[in-house]
Amino acid sequence: MPHDTLALAKTLIGLVLVRDARAGLCAGKIVEVEAYVGNDPASHAYRGQTSRNRSMFLEPFRAYVYRIYGTSFCFNVTAQSEGEGEAVLVRALEPLEGLPLMMERRGTQRMRDLCRGPGRLCQALSIDSNDDGQDLIGSADLYLADARFASPLIRKSKRIGITKAAHRHLRFYERGNPFVSGPKHLNP
DNA sequence: TAGGCGATGCTCT
DNA sequence: GAGCATCGCCTAG
């Protein structure tokens with residue numbers, strides 16, 4: 001798995017994020033991510049390390065989980081090397097395993113709404129601040145797996161929901177996948 | 001089905 | 001006190 005943030009972002013598309021909790025196993029294929037790189041005003045790491053973004057500066061393949069808008073969590077995979085503060089935000093999953101559990105956590109029966117959006121996928125997989133800093137390779141309850149799907153057709157676009165450096169094309173998604181989030185004009 | 005908008009609470013300045 | 005890597009509800013078509 002590459003350490004370089006952009007290469008990692010593309011590699012993550014098609015991998016499976018697995019949550020093996022006491023309540024049951026849930027898993028989904030990653031279909032949409034955004035890269036947050038060095039010297040990027042939109043990145044939480046841009047103004048240096050704080051208590052909030054501490055785990056973003058850990059070694060690669062750790063979880064960086066934070067609360068956004070008071071209501072939701074966002075899940076990132078750290079990249080580059082320790083101290084750099086680069087990461088890839090996972091924005092959407094295609095649900096594969098544990099659908100009934102995800103539906104229960106999300107309070108909806110609609111497949112498409114289970115993991116479509118960063119806050120939603122965290123709720124569906126029960127990812128919260130307890131998972132911040134988690135090792136995503138060695139861990140047994142939250143980890144990345146290679147399911148060997150056919151190589152997805154990856155496209156890129158502007159990132160979603162940010163105001164700073166919004167023009168940079170650092171969002172990557174699987175073309176044509178209905179579980180990708182965001183407005184239609186960003187998903188050609 | 002798509003788009004607009006208000007609620008939400010934490011973090012940083 | 002302002003801003004925010006969002007969500008769900010509501011309305012229009």
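Quick caveat, the model's predicted, so the values are computed rather than measured. Just so we're on the same page: letters track the sequence lines, and every chain starts at 1. These values consider heavy atoms only, across backbone and side chains, with no hydrogens, waters or symmetry-generated copies.
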Mind checking the [atom1]-[atom2] spacing from [X] to [Y]? Nearest 0.5 Å is all I need.
X	Y	atom1	atom2	result
A:Cys74	A:His44	SG	NE2	7.5 Å
A:Arg116	A:Phe179	CZ	CZ	10.0 Å
A:Phe57	A:Glu82	CZ	CD	11.5 Å
A:Arg91	A:Ile30	CZ	CD1	13.5 Å
A:Leu6	A:His169	CG	NE2	13.0 Å

A:Phe73: partners by ring-ring contact (aromatic ring centres under 6.0 Å, His included), with sequence neighbours left out
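Residues passing ring-ring contact (aromatic ring centres under 6.0 Å, His included) with A:Phe73: none at all.
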
Assuming nearest nucleotide by heavy-atom distance, tell me which of A:Gln123 and A:Thr163 is located more 5' along DNA chain C.
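Comparing both residues, the 5'-ward one is A:Thr163.
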
Expressed in angstrom and rounded to an integer, what is the separation of [X] atom [atom1] from [N] atom [atom2]?
X	N	atom1	atom2	value
A:Asn76	C:dA5	CG	C1'	8 Å
A:Arg116	B:dA2	CZ	C1'	11 Å
A:Ile160	C:dC4	CD1	P	17 Å

Using a 3.5 Å limit on both pairing distances, list the dot-bracket string of DNA chain B from the 5' end; Watson-Crick and G-U wobble pairs count, crossing pairs take [ ], interstrand pairs take |.
|||||||.||||.

Which one, [options], comes nearest to the side chain of [X]?
X	options	answer
A:Tyr36	B:dC12, C:dA5, C:dC7	C:dA5
A:Arg120	C:dG8, B:dT11, C:dA5	C:dG8
A:Ser51	C:dA5, B:dC12, B:dA2	B:dC12

Is A:Thr50 near enough to B:dC12 that one of its side-chain N or O atoms lies under 4.0 angstrom from OP1 or OP2?
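Looking at the OP1 and OP2 atoms of B:dC12, one of them is under 4.0 Å from a side-chain N or O of A:Thr50.
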
Does B:dT13 have OP1 or OP2 sitting under 4.0 Å from an N or O in the side chain of A:Arg47?
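Affirmative; the distance criterion is met.
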
Taking only heavy atoms on the protein side, list every residue of residues 53-72 of chain A lying under 4.0 Å from any atom of DNA chain B, sorted numerically.
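DNA chain B contact set from residues 53-72 of chain A: A:Arg67, A:Tyr69, A:Gly70, A:Thr71.
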
Identify whether A:Val31 and A:Ile160 are in the same connected component of the hydrophobic contact network (ILVMFWY, side-chain heavy atoms under 4.5 Å).
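A:Val31 does not cluster with A:Ile160.
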
Name the nucleic acid region contacted by A:Asp113, choosing base, sugar-phosphate or nothing; use a 4.0 angstrom heavy-atom cut-off, strictly under.
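Touches nothing.
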
Looking across every strand, which nucleic acid part, if any, lies under 4.0 Å from A:Arg171 by heavy atom: base, sugar-phosphate, or nothing?
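Nothing, no nucleic acid heavy atom in range.
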
A:Glu174 and salt bridge (charged side-chain N to carboxylate O under 4.0 Å, His left out): which partner among A:Arg155, A:Lys29, A:Lys156?
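Output: one option passes, namely A:Lys29.
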
Say whether, by atom type as modelled, one donor and one acceptor occur between the side chain of A:Arg171 and the main chain of A:Glu34 under 3.5 angstrom.
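Checking the backbone N and O of A:Glu34 against the side chain of A:Arg171, no donor-acceptor pair under 3.5 Å is found.
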
